[in-house]
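Data block below; observations after.
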Amino acid sequence: MSNQATAQHKAPLFSMGQVVATPAALERLTELNTEASELLQRHLAGDWGDLHDDDCARNDAAVHNGSRIFSSYDIEDDKFWVITEADRSVTTVLTPLDY
């Protein structure tokens, strides 16, 4: 089973707080026939996407120590980020250009 398929069946590792997305990210995801909820499910399950091992390790630690959690997903030629703030008050879906 792929990491993505496995991620969709795991219990959430942390609270996302309020979920928001930039208009540009939503528009591009729609064009790519992809739901933001797919990225959010992967993020919540600890599938950090297309990150280096050291960044994945930082996220794994952040789940337990309350630091910011950052995921990056490549879809076709586009990149999408999902960021959960350290206080778990908000999670944002955005493109790098939105940052």
Side-chain angles (χ1 to χ4, degrees):
M1 188 177 291
S2 73
N3 283 346
Q4 183 175 353
T6 302
Q8 292 176 356
H9 299 290
K10 286 185 176 179
L13 297 176
F14 54 91
S15 171
M16 287 193 298
Q18 179 182 3
V19 177
V20 297
T22 64
L26 291 175
E27 180 179 339
R28 187 62 186 134
L29 285 166
T30 299
E31 291 168 357
L32 294 167
N33 199 31
T34 301
E35 296 288 331
S37 62
E38 294 174 39
L39 303 183
L40 293 166
Q41 287 175 350
R42 291 176 65 187
H43 181 73
L44 263 180
D47 172 357
W48 312 126
D50 303 292
L51 295 178
H52 294 283
D53 289 344
D54 56 335
D55 293 321
C56 290
R58 271 193 284 280
N59 278 344
D60 292 338
V63 167
H64 302 288
N65 70 23
S67 300
R68 184 181 82 152
I69 301 171
F70 174 86
S71 296
S72 180
Y73 305 102
D74 294 337
I75 303 173
E76 294 186 20
D77 292 331
D78 293 281
K79 185 176 293 293
F80 297 90
W81 291 349
V82 180
I83 302 171
T84 299
E85 298 302 327
D87 65 2
R88 307 297 188 256
S89 64
V90 66
T91 295
T92 306
V93 178
L94 67 159
T95 69
L97 293 175
D98 296 324
Y99 191 71

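Just so it is clear, the values below take in all heavy atoms, side chains as well, and ignore hydrogens, waters and symmetry mates. Keep in mind that what you see is a predicted model, and the values were worked out from it rather than measured.
Residues satisfying the side-chain hydrogen bond (donor to acceptor under 3.5 Å, both in side chains) criterion with T91, sequence neighbours excluded, are T84. Listed by chain and residue number, R28 satisfy the side-chain hydrogen bond (donor to acceptor under 3.5 Å, both in side chains) test with D78 (two or more places apart in sequence, or in another chain).
No donor-acceptor contact under 3.5 angstrom links the side chains of D98 and W81, judged on distance only.
One hydrophobic cluster, built from ILVMFWY side chains closer than 4.5 Å, cannot hold both L39 and L26; they sit in different ones. Hydrophobic clustering (side-chain heavy atoms under 4.5 Å, transitive across Ile, Leu, Val, Met, Phe, Trp, Tyr) keeps V93 apart from V90. Cluster membership for L29 and V20, using ILVMFWY side-chain heavy atoms within less than 4.5 angstrom, is not shared.
Between W48 and the choices D53, D55, D60, the side-chain hydrogen bond (donor to acceptor under 3.5 Å, both in side chains) rule is met once, by D60.
Smallest separation of non-hydrogen atoms from R88 and A62: NH2-O, 2.7 Å.
Note: L40 CG to T92 OG1 = 10.0 Å, rounded to the nearest 0.5 Å. To the nearest 0.5 Å, atoms OG (S72) and CG (L51) are separated by 5.5 Å. Atom CE of M16 and atom CD of Q41 lie 9.0 Å apart (nearest 0.5 Å).
No more than 12 heavy atoms of other residues, nucleotides or ligands lie within 6.0 Å of CG in N33, so this atom counts as exposed by the packing criterion.
Between the S89 side chain and the D87 main chain, no donor and acceptor come within less than 3.5 Å of each other. Side-chain atoms of N59 never come within 3.5 Å of backbone atoms of I69 as a donor-acceptor pair (strictly under, hydrogens ignored).
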* Applying side chain to side chain contact (heavy atoms under 4.5 Å, CB included), run through Y73 and V82 and close with a yes or a no. => CA-CA 8 Å; Y73 305 102; V82 180; 3.8 Å; yes

* Apply side chain to side chain contact (heavy atoms under 4.5 Å, CB included) to the pair F80 and T34, showing each step before the final yes or no. => CA-CA 11 Å; F80 297 90; T34 301; over 6 Å; no

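Classified by interplanar angle (parallel below 30°, tilted 30° to 60°, perpendicular above 60°), the ring pair F14/H43 is perpendicular.
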